[in-house]
Amino acid sequence: MTPQAASGSVRLTSVRKARTGYSRGGITGALFRRPLWIAPVLAMVCLAIAGYWLRSRIDAAMKEQKQSELVTLLRADVEALKLWIGAEKDYIDAASEAPVLRKSVLDLVRFAQERSSSVEALLGAEPRQALVKALEPWLDEFQSSSTVARAGEHKYIGYVVLDNKYTIVASDTASLIGLKSSPGYREFAEQVLAGKTVVTQPFPSRSAQPDENGELVVGAPTMFAAAPVKDDAGRPVAVLGIRLRPSQDFTKILNVARTGASGETYAFNKDGKLLSNSRFDEDLKELGLLSTQAGSRSALTLDLRDPGVDMMTGARPALPRSKQPLTRMAADAIHQKPGIDAPGVDVEGYRDYRGVPVLGAWAWLPELGFAVATEIDADEAFRPVVVLRNAFWTLFGLLSALALLLLVMTFVARRMETKMREAVIAAGQLGQYALEEKIGEGGMGSVYRGRHSMLRRPTAIKLLEPSKTTEISIARFEREVQHTSQLNHPNTITIYDYGRTSEGVFYYAMEYLAGLSLQSLVERFGAQPDGRVIHIMLQVCGSLSEAHAQHLIHRDIKPANIMLTARGGVRDFVKLLDFGLVKAVDSEKQRTLTAADVITGTPLYLPPESIQDTDRADERSDLYSLGGVAYFLLTGHPMFEAGGVMEIIRKQVEDLPVSPSKRVGHAICADLEKLVLQCLAKNPQDRPQSAAAVAEALRKCVPLVSWSARDADNWWSSFDSGLALSALAPTQTVAFAGTMGENEVKPAG
């Protein structure tokens, strides 16, 4: 009977069965196999993804809706403003062309220019009296036709007449008469004398004018509808302007179409100064942005500057108002000047002149010389989304709590199961195997020396650490034993058995090897003669030839994975270990067991193609690593040495190794050295194309220092007192620990 068919053992066919889980009857096994927390966690993940997607869609839809609303409101306000301005232009045009009024204006201008009259003369001049009388029906026009004014309220509150030298020759305010090129007046007079009819933007009055409360205030916002008065030749010779109160129509028109408790529309000039009143004047007074005096208003007073903080929360800006930048909206409107057909819009949120986050749309009106913006507080705009968000996070929190509870329960069950497995190991019995002592361990598994209870044969037993047992580690464990069990070359480690206990401890049994790894050999005794290196490499090539014939790539050839032992009285017998990283060529299943794009193997012996692209690894990659092992044996040093892993990897890709003979300072078999360097070629095409080809080349090498079976016996016998195979101490015995993806094996103890 073969070892693989030993009585009482679990057959290798149980590898596939092991994937179904742990012991069928165990409650904790069922918990771990199908954890109760998976369903709520998956539901939580799905809910989070769905919630994130739904939130994104709702946010996008809400922003799209708000953008549409803001642009619609902006266009409606601007259109209403333009209609009002158009009506005022028509009205002043009609007044300037009325025969009686036109004649009185021309007579007054002629009187002023011919006589260079004083203010007193102009006030008492007969043409002025005629002008006042002619203006009465136009100034007494009631606002009853306006939808935004109170019944009986006068629409026009005064007038002004300027000659072609920008001198005010007539006004309802006597203090203005005789002023030349007065700021605010000259600007619109220049346009009118050029033949245009205009409605000015608000500007501060030079004289005391009644504000919206009827109190006389110097600097109160004022504006005019003005048209040219032409002589008989059709040339503009005077300006006729009718004074308008900005707060009556201008501001009210902008405030008709506004939304919610925080929406507002306002106008501002090229300097970022408000031209219409803010709806938050009372708040601005409390914030110290406006004077607390009665009648103070934001129009022509407040600059649209970003304080950098939300002042409505009590925060105070770090910079004085004069040094604060314009709000994002104002800066864009003034510098970029977006038109009403393609207005500027921001529905992500920016700070307004109070520092409050708002959404807004804005446009520059070049024909009017100012911009109009409409805004709404972000909190009010997104209130429905906030409600939905809160509901979602409440539900998500409840489900998370449930998942956490079940997770804790599962971990408790897992801990109980782990303790059961540890107890089994501590008891020293795994199925038919009695454990004697730990002789090695890797990142996820440990190796014990043991004996089969009936065969009494020394065995190395590799088992998964109970605390590290996962579906992935089990799959790797199974893959290792499956691949290794397919190989029966005498220089490949032999697998005896595989199974798991009723407590779920996974293990497999293999031949017990007493001897030295090549790593230990060089560390203890230095560089080896070329004859011995040829002897060792030939045996490794035999093992690799069988594996490659079955399309299996080892991927972790290194000195620590090659053992020197004795078999059938033959010394220096080689065993190739650790097929935990073995890869089936063209196997897609490999990707599920090792992370994608992760470098596998040991950096000191990694072929360049495995570093650059893990999918490029093939049989020639193992030959590169084999060349690295031969180099290590011949020189006593790895081919590349550096301070860190990344530097070693860089050298593997870019640098050529120094020839072994140059490294050690003495001659080495030239053919062997050439073969080693050929195996270490960066391009796989430049290497030997198979392990058999390497073996054939090795047989042709004539070593400078021969090595025979007698030499091997003599070498081992000369160290029999401390290193004989029959008397090796446990710490000197290296058994096949395997590492399932880890790079190093450390002896126990």
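In what follows, every heavy atom counts, from backbone to side chain, and hydrogens, waters and symmetry copies are set aside.
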Undergrad: Do the non-hydrogen side-chain atoms of Pro343 and Arg75 ever get within less than 4.5 Å of each other?
TA: yes
Undergrad: Would you please say whether a donor-acceptor pair under 3.5 Å links the side chains of Ser298 and Asp281?
TA: yes
Undergrad: Say you draw a straight line from CZ of Arg279 to CG of Leu254; how long is it, rounded to the nearest 0.5 Å?
TA: 13.0 Å
Undergrad: Using distance alone, with no hydrogens and no angle criterion, decide if Glu69 and Gln65 have a side-chain donor and acceptor under 3.5 Å apart.
TA: yes
Undergrad: If you measure from CG on Leu122 to CZ on Arg128, what distance do you get to the nearest 0.5 Å?
TA: 9.0 Å
Undergrad: Does a sphere of radius 6.0 Å around NZ in Lys103 hold more than 12 heavy atoms from other residues, nucleotides or ligands, not counting ones at 6.0 Å or beyond?
TA: no
Undergrad: Using only heavy-atom distances, determine whether the side chains of Tyr350 and Glu375 contain a donor-acceptor pair under 3.5 Å.
TA: yes
Undergrad: With a 6.0 Å cut-off (strictly less than), is the heavy-atom count around CD of Glu654, excluding the residue itself, greater than 12?
TA: yes
Undergrad: Are the charged groups of Asp231 and Arg110 less than 4.0 angstrom apart, N to O?
TA: no
Undergrad: We want to know whether Thr251 and Ser276 form a side-chain donor-acceptor pair, criterion being a heavy-atom distance below 3.5 angstrom.
TA: no
Undergrad: When you look at Asp59 and Phe382, which way does the side chain to side chain contact (heavy atoms under 4.5 Å, CB included) test go after all the steps?
TA: CA-CA 8 Å; Asp59 283 353; Phe382 292 130; 5.8 Å; no
Undergrad: Are the side chain of Lys337 and the backbone N or O of Ile334 linked by a donor-acceptor pair below 3.5 Å?
TA: yes
Undergrad: Looking only at non-hydrogen atoms, find the nearest pair between Ala333 and Trp364 and report the distance.
TA: O-CE3, 3.8 Å
Undergrad: Evaluate Ser278 against Leu284 for side chain to side chain contact (heavy atoms under 4.5 Å, CB included), listing each step before the verdict.
TA: CA-CA 9 Å; Ser278 166; Leu284 297 176; 4.1 Å; yes
Undergrad: Are Thr200 and Leu244 side-chain neighbours, meaning at least one heavy-atom pair lies under 4.5 Å?
TA: no
Undergrad: Taking atom CH2 of Trp138 and atom CG of Leu240, what is their separation to the nearest 0.5 Å?
TA: 9.5 Å
Undergrad: Can you tell me how far apart CG (Leu368) and CG (Leu81) are? Round to the nearest 0.5 Å.
TA: 6.5 Å
Undergrad: Do Lys230 and Glu97 meet the salt-bridge criterion of a basic N to acidic O distance under 4.0 Å?
TA: no
Undergrad: Taking Pro204's backbone N and O only, do any of them form a donor-acceptor pair with Thr222's side chain (distance below 3.5 Å, no angle check)?
TA: no
Undergrad: Report yes if some heavy atom in the side chain of Val199 is under 4.5 Å from a heavy atom in the side chain of Phe250; otherwise report no.
TA: no
Undergrad: What's the spacing between Gln67 CD and Thr72 OG1 if we round to 0.5 Å?
TA: 10.0 Å
Undergrad: Mind listing the closest non-hydrogen atom pair of Phe188 and Phe203 along with its distance?
TA: CE2-CZ, 4.3 Å
Undergrad: Do other residues, nucleotides or ligands put more than 12 heavy atoms under 6.0 Å from Asp271 CG?
TA: yes
Undergrad: So, the side chain of Gln201 versus the backbone of Leu275: is there a donor-acceptor pair under 3.5 Å, distance only?
TA: no
Undergrad: Are the side chain of Thr374 and the backbone of Leu70 linked by a donor-acceptor contact shorter than 3.5 Å?
TA: no
Undergrad: Less than 6.0 angstrom from the centroid, inside 45 degrees of the normal: does Arg354 satisfy that with respect to the ring of Phe280?
TA: yes
Undergrad: If you take all heavy atoms of Leu176 and Ser171, which pair is closest and at what distance?
TA: CD1-OG, 3.6 Å
Undergrad: Indicate the atoms forming the closest heavy-atom contact of Val192 with Pro228, along with that distance.
TA: CG1-N, 3.2 Å
Undergrad: Would Leu135 and Leu101 count as a side chain to side chain contact (heavy atoms under 4.5 Å, CB included) here? Give the steps.
TA: CA-CA 7 Å; Leu135 277 171; Leu101 184 54; 3.7 Å; yes
Undergrad: Using a 4.5 Å cut-off on heavy atoms from C-beta on, say whether the side chain of Arg328 contacts that of Asp306.
TA: no
Undergrad: Do you know the tightest heavy-atom contact between Asp310 and Pro357?
TA: OD2-CD, 4.0 Å
Undergrad: Can you tell me how far apart CG (Asp352) and CG (Asp377) are? Round to the nearest 0.5 Å.
TA: 6.5 Å
Undergrad: Please find the pair of heavy atoms, one from Ala80 and one from Ile253, that lie closest to each other, and give the distance.
TA: CB-CG2, 3.7 Å
Undergrad: Do Asp163 and Lys180 meet the salt-bridge criterion of a basic N to acidic O distance under 4.0 Å?
TA: no
Undergrad: For a 4.5 angstrom cut-off between non-hydrogen side-chain atoms, does Lys252 reach Asn277?
TA: no
Undergrad: Mark yes or no for whether Ser296, through its side chain, and Ser291, through its backbone, hold a donor-acceptor pair below 3.5 Å.
TA: yes
Undergrad: Begin from the C-alpha positions of Val239 and Phe224 and carry the test side chain to side chain contact (heavy atoms under 4.5 Å, CB included) through to its verdict.
TA: CA-CA 11 Å; Val239 176; Phe224 286 91; over 6 Å; no
Undergrad: When you measure from the side chain of Asp172 to the backbone of Tyr159, do you find a donor-acceptor pair of N or O atoms at a distance under 3.5 Å?
TA: yes
Undergrad: Is it true that Lys285 and Glu282 have a side-chain N and a carboxylate O under 4.0 angstrom from each other?
TA: yes
Undergrad: Looking at Arg235, I want to see if its CZ is surrounded by more than 12 non-hydrogen atoms of other residues, nucleotides or ligands under 6.0 Å.
TA: no
Undergrad: Can you name the salt bridge (Lys or Arg N to Asp or Glu O under 4.0 Å) partners of Asp77, sequence neighbours left out?
TA: none
Undergrad: Other residues, nucleotides and ligands only: do more than 12 of their heavy atoms fall within 6.0 Å of CD on Glu64?
TA: no
Undergrad: Judged by atom type as modelled, is there a donor-acceptor pair below 3.5 Å linking the side chain of Glu187 to the main-chain atoms of Gly184?
TA: yes
Undergrad: Answer whether the closest heavy-atom distance between the side chains of Tyr353 and Asp303 falls below 4.5 Å.
TA: no
Undergrad: Is Leu193 close to Tyr166 at the side-chain level, that is, under 4.5 Å between some pair of heavy atoms?
TA: yes
Undergrad: Applying salt bridge (charged side-chain N to carboxylate O under 4.0 Å, His left out) to Lys82 and Glu79, what does each step give before you reach the verdict?
TA: CA-CA 5 Å; Lys82 287 182 176 181; Glu79 188 61 29; 5.5 Å; no
Undergrad: Side-chain contact, heavy-atom cut-off 4.5 Å: Met311 with Leu289?
TA: yes
Undergrad: Between Glu380 and Ser262, is there a donor-acceptor pair closer than 3.5 Å when you use the side chain of the first and the backbone of the second?
TA: yes
